[in-house]
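Because only heavy atoms are used, hydrogens play no part in the values below, and waters and symmetry mates are left out as well, while side chains stay in. Each chain gets a letter, A, B and so on, in the order the sequences are listed, and its residues count up from 1.
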Amino acid sequence: MQLYSTLSRRLEELLTDTVRMYVCGPTVYDLIHIGNARPFIVFDALRRYLESQGKKVIHVQNITDVDDKIINRAREEGVPPSQVAARYTEEYFRDLEGLGVNPPTHSPKATEYVPKMVEFIEKLVEKGHAYVVEGDVYFSVATFPEYGKLSGKVLEELEAGARIAVDEKKRDPLDFALWKAGRPGEPKWPSPWGEGRPGWHTECVVMAMDILGVPLDIHAGGNDLIFPHHENEIAQAEAATGEEFARIWLHNGMLTVRGEKMAKSLGNFSYARDVVAEYGTEAVRYFYLSRAYRKPLDFSEAALREAKRAVEGVYGFLWEAEALPEEGEIPEAFSLELSSLEEKFHARLSDDFDTAGAIGALQEIVGAAHRLRQAGGGPTGLRAAAALLRRLAQPLGLFQTAPPQAKGLAEELIQLLVELRAALRRERNFALADHIRTRLAELGVELRDGPEGTIWLLRGRNQKAG
RNA sequence: GGCGGCGUAGCCAAGUGGCAAGGCGAGGGACUGCAAAUCCCUUAUUCCCCGGUUCGAAUCCGGGCGCCGCCUCCA
């Protein structure tokens, strides 16, 4: 398995049997939008794929539950910040479930790590990498010569940029806060520098090192976090330990809307749960996984509708094939074709987790199976194709839904209508026969007439989340 | 301005040195009572443009053009 690392700017082999992976999680001040969901979906799929390949993955994804935005939201609502954080933490897990994302192995909260963050900051102060000013603690970028190695930025040019707000407490405009002195009405914790709260960037480092140890095998997040967030993480972590912080840095591309990044501040966003409710979990996953994770991806209704149709097409094959009896042999040539497609699927994923190429291979399985049937191939071959497709797609969280079943009376009534329609067709009463077909379709029962008679499938309703 | 990335058919999108995956859509044909589903054919002699390297380039190199992200909180 090779993955493109932002740090080395090339493909890196993932060597270890146990993969310790850290993914930047949400700040819980509001519901996540569909763009926020991209890393959650993609890196969860990566995790599951690695697991399916026999690796053990420890997936840590933090929850930032102390932050300016949470405090602001709490102020607006007139409730304590902890209440805002608790509420949106719960909603975050609910959204993950709706997106078909497995919960991470560990979901540490920043507020549970404050004492360890204090310890960590003390170490940086002792080593001369951080300094204290009026209860604030800042990291001194000048003491870390490799600063900029992740983002490719050069210190002098950054300083020349001068877009950074001038804070006269800092020795250098690029220095960043490790600890912020407490202000009235804000959450605070005790520290050697007085009461306060941890600054940005520190929680990820402390939680990752505490749970996973260094170096991490994988550190992942959106590419908008490369600078300054991940750059600052590297600076702190490596200044404190003197060791490499993470081997492979993965960054997903942004979700855009008409070419512009989806962002709360731009107002061009949709809540993840609303999109899931409209198009279904699998259409959303298919939409994301149909595009290389590092590239930008444009969100639109048309794109989601297309994904949904593509998913329905695959299920149309799966559900029909699985209803067939075991009968006949799998033709040798077909068996070979399936093997080669399976190989292609793995080859694509092994090359920087090319889910789009891998999905192409899955679609080719469907096409190959249809051609087999057209050529009069036995049901066993079709069932084998369906089984392979399901097995391969499992780590991607796609195509695992069982055919919806009509139970008991409903099943018998559908069967009765199908028989009734067959009789009407024999009598050439097509008007009434077609009426039955149309009405059943409206109820989600799709009829497929074939040489051996009519089969029916239940459609649609199960493809929504929940 | 600096750093990073992108530009492949009507649309979406893989592929990154050896005949251009896949999906959606469109047109024609087969099947059907008509449809749906499915199959076959057609929809990129060509991969933003211009040069170069090579027996051979969408893929490598040089130079343009266009778009986006980061440089401030941001998945």
Distance, P atom - from A35(B) to A30(B), rounded to whole angstrom: 11 Å
Pairwise 5' ranking along RNA chain B for Arg448(A) and His33(A), keeping only the more 5' one: Arg448(A)
Pairwise 5' ranking along RNA chain B for Arg294(A) and Asp351(A), keeping only the more 5' one: Arg294(A)
Nucleotide forming a Watson-Crick or wobble pair with G25(B), both distances under 3.5 Å: U43(B)
Distance (rounded to the nearest 0.5 Å) between Leu398(A) CG and Ile359(A) CD1: 5.5 Å
Interatomic distance, Ile455(A) atom CD1 to Leu447(A) atom CG [nearest 0.5 angstrom]: 9.5 Å
Sugar-phosphate only, base, or nothing, as touched by Gly259(A) at under 4.0 Å among non-hydrogen atoms: sugar-phosphate
Sugar-phosphate, base or nothing in reach of Arg373(A), heavy atoms under 4.0 Å: sugar-phosphate
Length of the CD-P vector between Glu260(A) and C68(B), whole Å: 8 Å
Who pairs with A20(B) - Watson-Crick or G-U, where each distance is under 3.5 Å: none
Asp95(A) vs Arg273(A), salt bridge (charged side-chain N to carboxylate O under 4.0 Å, His left out): CA-CA, chis, key distance, verdict: CA-CA 6 Å; Asp95(A) 281 335; Arg273(A) 61 180 54 180; 2.9 Å; yes
Complement of A14(B), any strand, by Watson-Crick or G-U distances under 3.5 angstrom: none
Pair partner, U38(B) [Watson-Crick or wobble, under 3.5 Å]: A30(B)
Sugar-phosphate only, base, or nothing, as touched by Ala433(A) at under 4.0 Å among non-hydrogen atoms: nothing
Minimum-distance nucleotide to Ala356(A) side chain [options: G33(B), G22(B), A14(B)]: A14(B)
Sugar-phosphate, base or nothing in reach of Ile32(A), heavy atoms under 4.0 Å: nothing
A75(B) base stacked by Phe40(A) (centroids within less than 5.5 Å, tilt under 30°): no
Nucleotide nearest Gln363(A) (side chain, heavy atoms from C-beta), chosen from G23(B), U38(B), C70(B): G23(B)
Main-chain N/O of His201(A) paired with Gln236(A) side-chain donor or acceptor, under 3.5 Å: yes
Residue Arg437(A), side-chain heavy atoms: nucleotide from A37(B), A75(B), C34(B) that is nearest: C34(B)
Side-chain donor/acceptor of Asp449(A) to base of A35(B), under 3.5 Å: yes
Separation between the P atoms of A36(B) and U43(B), rounded to whole Å: 23 Å
Atom-to-atom span, CD of Glu446(A) to P of A35(B) - whole angstrom: 17 Å
Selected nucleotide, minimal atom distance to Pro39(A) side chain, candidates U38(B), A75(B), C73(B): A75(B)
Under-4.0 Å side-chain N/O to phosphate OP1/OP2 contact, Tyr4(A) with G5(B): yes
Any Lys264(A) side-chain N or O less than 4.0 Å from OP1/OP2 of A75(B): no
Sugar-phosphate only, base, or nothing, as touched by Leu225(A) at under 4.0 Å among non-hydrogen atoms: sugar-phosphate
Spacing of the P atoms in U46(B) and A9(B) (rounded, Å): 12 Å
Watson-Crick/G-U partner (both atom distances under 3.5 Å) of C60(B): G52(B)
Touch class at under 4.0 angstrom, heavy-atom based, for Gly253(A) against every strand present: base
Between C1' of C70(B) and NZ of Lys261(A), the distance in whole Å: 8 Å
From Leu458(A) atom CG to Ile414(A) atom CD1, the distance as rounded to the nearest 0.5 Å: 5.0 Å
Protein-nucleotide distance (Phe345(A), atom CZ; G22(B), atom P), rounded to Å: 17 Å
Separation of atom CG in Leu150(A) from atom P in G2(B), rounded to whole Å: 20 Å
Test: Arg94(A) and Glu91(A) ion pair at under 4.0 Å: yes
Sugar-phosphate only, base, or nothing, as touched by Gly222(A) at under 4.0 Å among non-hydrogen atoms: sugar-phosphate
Salt-bridge criterion met for Glu146(A) and Lys149(A) (N-O under 4.0 Å): yes
Touch class at under 4.0 angstrom, heavy-atom based, for Asp434(A) against every strand present: base
N or O in side chain of Arg291(A) less than 4.0 angstrom from C12(B) OP1/OP2: no
Lys295(A) side-chain N/O to C68(B) phosphate OP1/OP2 under 4.0 Å: no
Among G2(B), A75(B), C34(B), the nucleotide that comes nearest once only the side chain of Met262(A) is considered: A75(B)
Gln374(A) side-chain proximity, nearest of A75(B), U16(B), C39(B): C39(B)
Nearest-angstrom distance from the residue atom CZ of Phe176(A) to P of C71(B): 15 Å
Among A75(B), A14(B), G69(B), the one nearest Asn36(A) by side-chain distance: A75(B)
Opposite nucleotide pairing with C3(B), Watson-Crick or G-U, both atom distances under 3.5 Å: G69(B)
P spacing across the pair G62(B) / C3(B), given as an integer number of angstrom: 14 Å
G56(B) versus U38(B) - spacing of their P atoms, nearest Å: 44 Å
Proximity to the side chain of Glu306(A) - top-ranked nucleotide from C3(B), C24(B), A36(B): C24(B)
Same-atom distance (P) from C41(B) to A21(B), integer angstrom: 13 Å
Euclidean distance, atom CE of residue Met254(A) to atom P of G5(B) [Å, nearest integer]: 15 Å
Separation of atom CG in Leu289(A) from atom C1' in G23(B), rounded to whole Å: 14 Å
Listed nucleotide nearest any side-chain atom of Asn252(A), set C24(B), A75(B), A37(B): A75(B)
Rounded C1' spacing from U16(B) to G7(B) in Å: 14 Å
Results of ring-ring contact (aromatic ring centres under 6.0 Å, His included) for His370(A) - residues two or more places apart only: Phe317(A)
OP1 or OP2 of A21(B) under 4.0 Å from side-chain N/O of Arg348(A): no
Under 3.5 Å side-chain donor-acceptor pair for Thr355(A) and Tyr293(A): no
Test item: side-chain donor near acceptor, Ser151(A) and Glu231(A), under 3.5 Å: yes
C48(B) and A57(B), which share atom name C1', separated by this distance in whole Å: 16 Å
Among C39(B), C24(B), A75(B), the one nearest Arg309(A) by side-chain distance: C24(B)
